[in-house]
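In what follows, residues are counted from 1 in the order of the sequence shown. Here the structure is a predicted model, which means the values were calculated and not measured.
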Amino acid sequence: MAFGDSLTAGLGVNRDDAYPAQLQRRLDELDYRYRVINAGVSGDTTAGGLRRVPWVLGSKPDVVILELGGNDGLRGLSLEQTKHNLSRIIEQLRQAGATIILAGMKLPPNYGQDYIRGFEVIYRDLARHYDLAFIPFFLEGVAASPALNQADGIHPTREGYRIVVEQVLKALTPVLQARSRKSRAPHGGS
């Protein structure tokens with residue numbers, strides 16, 4: 001389950017070019033038997049994501065790539081509330097048995113160093129606290145590149161999303177390999 005905002009939904013690109021669809025193709029190429037569901041909603045905040053958790057859990061996801069918070073930061077929302085909402089999302093997903101990969105975000109420099117630093121720390125702290133697989137910056141290698149972003153400078157192009165998928169795979173592949181080993185492990189024993 002790709003659970004996020006417009007960066008997950010694929011705002012401005014064809015649905016087949018958004019990162020979840022490209023991730024599905026890469027997983028198929030790598031012979032992983034998973035179905036990627038795009039649960040991205042443009043404009044969503046962590047509060048909106050928290051309200052959507054029951055809907056997300058209705059699909060009984062094995063793995064959730066959680067990419068939320070960018071809109072909180074761009075709107076200058078409370079860092080404490082963003083962290084609280086993400087914590088509650090993580091706890092509910094985990095309680096339902098999902099493995100979570102947390103995607104970190106960064107903000108443009110015009111938000112002030114204290115806010116930017118505090119925002120980025122949220123993701124690192126949550127990943128450490130909950131022992132989650134972690135993508136330090138979801139848009140690594142894509143952000144601020146005019147060639148890889150649409151005219152708004154925020155949302156990736158098809159090629160930008162290709163790079164995002166490779167970043168996601170760095171965190172996702174070990175998770176899928178561990179799940180595969182666990183499912184093949186003999187049951188029982190002492």
Exercise. Does a side-chain heavy-atom distance below 4.5 Å link Tyr130 with Arg94?
Worked result: yes
Problem set entry | Gap separating the NE2 atom of His129 from the OG atom of Ser87, nearest 0.5 angstrom | 6.5 Å
Problem set entry | Cluster link Leu27 to Val165, ILVMFWY, side chain under 4.5 Å | yes
For this session: Give, for atom CG of Asp16 and atom CD of Gln22, the distance between the pair rounded to the nearest 0.5 Å.
Result: 9.5 Å
Problem set entry | From Thr8 atom OG1 to Leu23 atom CG, the distance as rounded to the nearest 0.5 Å | 10.5 Å
Exercise. How many angstroms lie between CD1 in Ile163 and CG in Leu148, if you round to the nearest 0.5 Å?
Worked result: 4.5 Å
Exercise. Arg75: what forms a salt bridge (Lys or Arg N to Asp or Glu O under 4.0 Å) with it, not counting sequence neighbours?
Worked result: none
Seminar exercise, completed: CG (Leu66) and CD1 (Ile101) are apart, to the nearest 0.5 Å, by 10.5 Å
For this session: Tell me, please, which residues at least two apart from Arg33 pass salt bridge (Lys or Arg N to Asp or Glu O under 4.0 Å).
Result: Asp31
For this session: Tell me whether Ile90 is reachable from Leu57 by hopping between hydrophobic residues (I, L, V, M, F, W, Y) whose side-chain heavy atoms are closer than 4.5 Å.
Result: yes
Problem set entry | Pairing of Glu159 and Arg162 as salt bridge, 4.0 angstrom limit | yes
For this session: Output every pair passing ring-ring contact (aromatic ring centres under 6.0 Å, His included) with a member in residues 18-40, not counting sequence neighbours, ordered by first then second residue.
Result: Tyr19-Phe138
Problem set entry | Polar side-chain atom of Asn149 near backbone of Val142 as donor-acceptor pair, under 3.5 Å | yes
For this session: Applying side chain to side chain contact (heavy atoms under 4.5 Å, CB included) between Ile37 and each of Pro20, Ser59, Pro61, report the one that passes.
Result: Ser59
Exercise. Tyr123: what forms a ring pair (Phe, Tyr, Trp, His ring centres under 6.0 Å) with it, not counting sequence neighbours?
Worked result: Phe119
Exercise. Got Asn38 and Gln24 here, is their nearest side-chain heavy-atom distance under 4.5 Å?
Worked result: no
Problem set entry | salt bridge (Lys or Arg N to Asp or Glu O under 4.0 Å) involving Glu140 - partner list, sequence neighbours excluded | none
Exercise. How far does CD of Gln95 sit from CD of Gln92, to the nearest 0.5 angstrom?
Worked result: 7.5 Å
Problem set entry | In one Ile/Leu/Val/Met/Phe/Trp/Tyr side-chain cluster, 4.5 Å: Tyr115, Val121 | no
For this session: Could you go through the side-chain contact (heavy atoms from CB on, under 4.5 Å) check for Arg52 and Asp44 one step at a time?
Result: CA-CA 10 Å; Arg52 288 194 301 128; Asp44 213 358; 2.7 Å; yes
Seminar exercise, completed: Of all heavy-atom pairs linking Leu7 and Ile154, the shortest is CD2-O, 3.7 Å
Exercise. Does the side chain of Thr173 come within less than 4.5 Å of Lys170's, by heavy atoms?
Worked result: no
For this session: Specify the closest pair of heavy atoms between Ile116 and Pro108, including all atoms of both residues, with the distance to one decimal.
Result: CD1-O, 3.2 Å
Problem set entry | Tyr111 side-chain N/O to Gly76 backbone N/O, donor-acceptor pair under 3.5 Å | no
Exercise. Can you name the nearest heavy-atom pair linking Leu68 to Thr45, along with the distance?
Worked result: CD2-O, 4.0 Å
For this session: State yes or no: do Val36 and Leu93 share one hydrophobic cluster built from I, L, V, M, F, W and Y residues joined by side-chain heavy-atom distances below 4.5 Å, directly or via other members?
Result: yes
Exercise. Going only through I, L, V, M, F, W and Y residues with side-chain contacts under 4.5 Å, is there a path from Ile89 to Val175?
Worked result: yes
Problem set entry | Pair Thr46-Asp72, side-chain donor/acceptor within less than 3.5 Å | yes
For this session: With side-chain contact (heavy atoms from CB on, under 4.5 Å) as the test, would you mind laying out the steps for Ile135 and Leu102 before giving the verdict?
Result: CA-CA 6 Å; Ile135 303 165; Leu102 182 62; over 6 Å; no
Problem set entry | Full working for salt bridge (Lys or Arg N to Asp or Glu O under 4.0 Å) between Asp131 and Arg128 | CA-CA 5 Å; Asp131 193 26; Arg128 189 178 304 123; over 6 Å; no
Exercise. When you check the gap from the basic side-chain N to the acidic O, do Glu91 and Arg88 get nearer than 4.0 Å?
Worked result: no
Exercise. Side chain of Glu120, backbone of Lys106: donor and acceptor closer than 3.5 Å?
Worked result: no
For this session: Applying salt bridge (Lys or Arg N to Asp or Glu O under 4.0 Å), name anything that partners Asp152, two or more places apart in sequence or on another chain.
Result: none
For this session: Looking only at non-hydrogen atoms, find the nearest pair between Ala39 and Met1 and report the distance.
Result: CB-SD, 3.3 Å
For this session: List the steps and the verdict of salt bridge (Lys or Arg N to Asp or Glu O under 4.0 Å) for Arg25 and Asp28.
Result: CA-CA 5 Å; Arg25 291 191 295 274; Asp28 292 346; over 6 Å; no
Exercise. Taking all atoms of both residues into account, what is the closest heavy-atom pair of Thr157 and Ala147, and its distance?
Worked result: OG1-O, 4.0 Å
For this session: Please examine the side chains of Thr82 and Leu79, heavy atoms only from C-beta on, and report whether any two atoms are closer than 4.5 Å.
Result: no
Problem set entry | Shortest non-hydrogen contact between Asp5 and Gly70, atoms and distance | OD2-N, 4.1 Å
